[in-house]
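Below: one structure, written as structure tokens.
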Amino acid sequence: MIEITSPVRVRFAPSPTGFLHIGGVRTVLFNWLFARHYGGEFILRIEDTDEKRLVAGATSDILKSLHWIGLDWNEGPDIGGPHAPYIQSERSKLGLYQQYVDLLLAQGKAYKSFVSETELEQMRAEAQAKRVPLRYRGAERDWSPAQVAAAEAQGQPYTVRLKVPLTGETVFHDLIRGGEQISVNNADLYDIVLLKSSGSPVYHLAHLVDDHLMQITHVIRGEEWVPSTPYHIVLYEALGWEPPVFAHVPNILRQDGHGKLSKRKDDVATNRFWERGYLPEALANYLALQGWSYDDHTEIMTQAEIIERFTIDRVQRSPARWNPDKLRDMNGIYIRKLTPEAVAARILPYLADAGLVSTPPTEAETAYVSRLAPLIHERLEELSEAPALLDFFFHEVSYPEPTALIPKKMDAAQTVAALQAAHAALAEVAEWNEAQLETTLRDLAPTLNLKTGQLFGAIRVAVTGRTATPPLFETLGALGQERSLARLIAAAQVLG
RNA sequence: GCCUCCAUAGUCUAGCGGCCUAGGACGUCACCCUUUCAAGGUGAAGAUCGCGGGUUCGAAUCCCGCUGGAGGUACCA
């Protein structure tokens with residue numbers, strides 16, 4: 001077991017090639033929790049070394065997502081810090097990466113490779129046909145300075161590749177696997193590119209130089225990085241630097257278990273969870289439990305509790321599957337923990353989006369929503385469900401099927417009679433409150449020879465247009481006397 | 001194909017040699033509560049701990065093999 005010594009410094013280094021997806025958030029979350037648990041520092045860095053895949057606006061979108069989920073950072077592109085800049089393209093301009101490439105070249109630990117991309121593609125195709133891996137080891141790794149100079153003199157473009165040992169094995173330890181060793185035969189490796197022919201660094205070089213310069217102590221990243229870690233070890237050795245401690249967290253798999261979550265195929269854009277009605281604290285709690293657990297029964301935890309309890313040794317080795325049902329359930333639990341005022345405030349934007357209230361809502365609308373929020377509070381699993389649950393409070397109801405108005409074990413005539421009787425009784429109610437409504441209607445049922453449930457059911461459908469609603473008296477109370485009476489008449493007329 | 005990692009119910013997980021006749025949660029089903037729907041309560045079904053060998057007095061837990069899954073196999077990250 002590898003000891004964790006403070007102070008720790010960890011980082012999250014997304015590449016701005018699109019929105020941040022939920023799997024990425026889980027990885028950041030683990031980094032952040034680790035840093036906070038050990039009282040260390042969490043650094044945000046943007047890795048935009050892939051000019052081709054850069055997406056405009058992606059960086060600010062990623063920062064927004066991270067803030068929304070409740071994370072903060074000690075150093076980053078937006079707030080700066082002692083190791084600024086925190087954007088690789090800017091660091092590249094400073095010659096930060098080039099200087100180490102020059103050093104490796106001078107020491108014979110890297111070499112200029114003159115094969116073109118098309119040649120490489122051809123070689124790859126040939127290797128594939130023979131069903132053997134390419135494992136490119138450039139002939140240039142043994143060229144004399146004169147040969148290199150000659151090629152350069154001809155103006156041939158080149159990449160700089162790392163001279164990865166041909167024999168022996170490379171080993172490293174992984175915190176999540178209990179500090180156990182992962183080893184690979186160097187013969188299975190190839191000479192990775194450090195510097196593209198465009199002169200810009202490749203991830204392997206850039207992130208490693210940055211991690212070292214930024215004094216990162218622990219690299220917590222997705223397990224898709226396990227195969228490239230040996231290269232990083234070789235590079236650290238070549239540079240004469242002490243490697244950080246590695247912890248590769250398992251991926252989150254798609255619902256069907258086939259493959260990891262993908263931006264294209266799955267609805268996992270972090271910034272979409274708000275519109276889908278999720279509370280950031282619920283999402284964070286759920287995500288913390290994807291691959292990490294505290295004990296055999298604790299699931300709902302505050303951010304402070306998770307920070308206090310989070311340790312890497314309790315992170316799972318095997319991948320988890322994305323489980324929307326569980327997330328929904330957890331979101332419902334968090335919604336129920338909200339105060340009624342908070343629920344009102346949180347559903348208002350969704351009602352506005354649905355056109356049920358104005359944008360921005362008027363004072364009267366806001367007050368009315370506060371009145372309604374308690375009615376659906378515990379019925380909500382996603383905030384976005386609020387409009388569908390409350391729409392009949394905002395516009396008139398229509399009854400698609402007249403028969404839908406008739407409760408079980410009743411006929412049309414009985415229903416019309418019940419609605420008319422209810423209308424008459426409710427018209428007499430002087431104080432329109434739940435207690436009054438309840439006594440009035442409870443007393444009415446036996447006079448009609450109906451069970452209370454039958455009478456209430458008839459009124460419910462007449463007034464709301466549906467069979468499942470918040471409790472009847474609360475509903476009538478919030479709807480008001482005038483509208484309630486009007487709907488009873490309308491429903492009775494539909495049944496004729 | 002090759003390399004690496006992983007393996008407890010449909011899903012997320014507890015378990016780190018005897019406390020396990022395998023615990024919790026989601027989902028499913030039933031019942032209770034009840035004016036409907038929820039919420040809440042109670043309970044049930046669901047795992048030969050992937051399979052096969054070992055080690056041991058004793059294995060879900062340690063070792064090996066197999067199988068299955070995932071990841072990687074770029075001048076992407």
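Here is the naming used below: chain letters follow the sequence lines, and residue numbers restart at 1 for every chain.
Contacts of A/Leu472 with the nucleic acid, taken as non-hydrogen atoms under 4.0 Å apart, include base atoms. Residue contacts shown for A/Arg460 include a base, since a base heavy atom lies under 4.0 Å away. Nucleic acid contact class of A/Asn323 (heavy atoms, under 4.0 Å, all strands): base.
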Problem - Protein proximity profile, nucleotides 70-77 of chain B - base contact B, sugar-phosphate-only contact S, no contact -, cut-off 4.0 Å on heavy atoms - result: SSS-SBBB

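Using N1 to N3 plus N6-O4 or O6-N4 for Watson-Crick, or N1-O2 and O6-N3 for G-U wobble, each under 3.5 Å, B/U4 pairs with B/A70. A 3.5 Å limit on both hydrogen-bonding distances identifies B/G41 as the Watson-Crick or G-U partner of B/C31. Across every strand in view, B/G10 sits in a pair with B/C26 that passes the Watson-Crick or G-U test at under 3.5 angstrom.
Checking A/Thr298 against A/Leu289, the closest nucleotide of RNA chain B that is more toward the 5' end is the one next to A/Leu289.
Ring centroids of A/Phe114 and A/Trp143 are separated by less than 6.0 Å, placing the two rings close together.
Nucleotides B/C12 and B/C19, compared at atom C1', are 25 Å apart to the nearest Å. With both ends at atom P, the span from B/C62 to B/C75 equals 39 Å, rounded to whole Å.
Distance A/Leu327 CG to B/G27 C1': 14 Å, rounded to the nearest Å.
Residue-to-nucleotide contacts include no donor-acceptor pair under 3.5 Å from the side chain of A/Arg317 to the base of B/C6.
Take A/Glu51 and apply the salt bridge (Lys or Arg N to Asp or Glu O under 4.0 Å) test, not counting sequence neighbours, and it matches A/Lys196.
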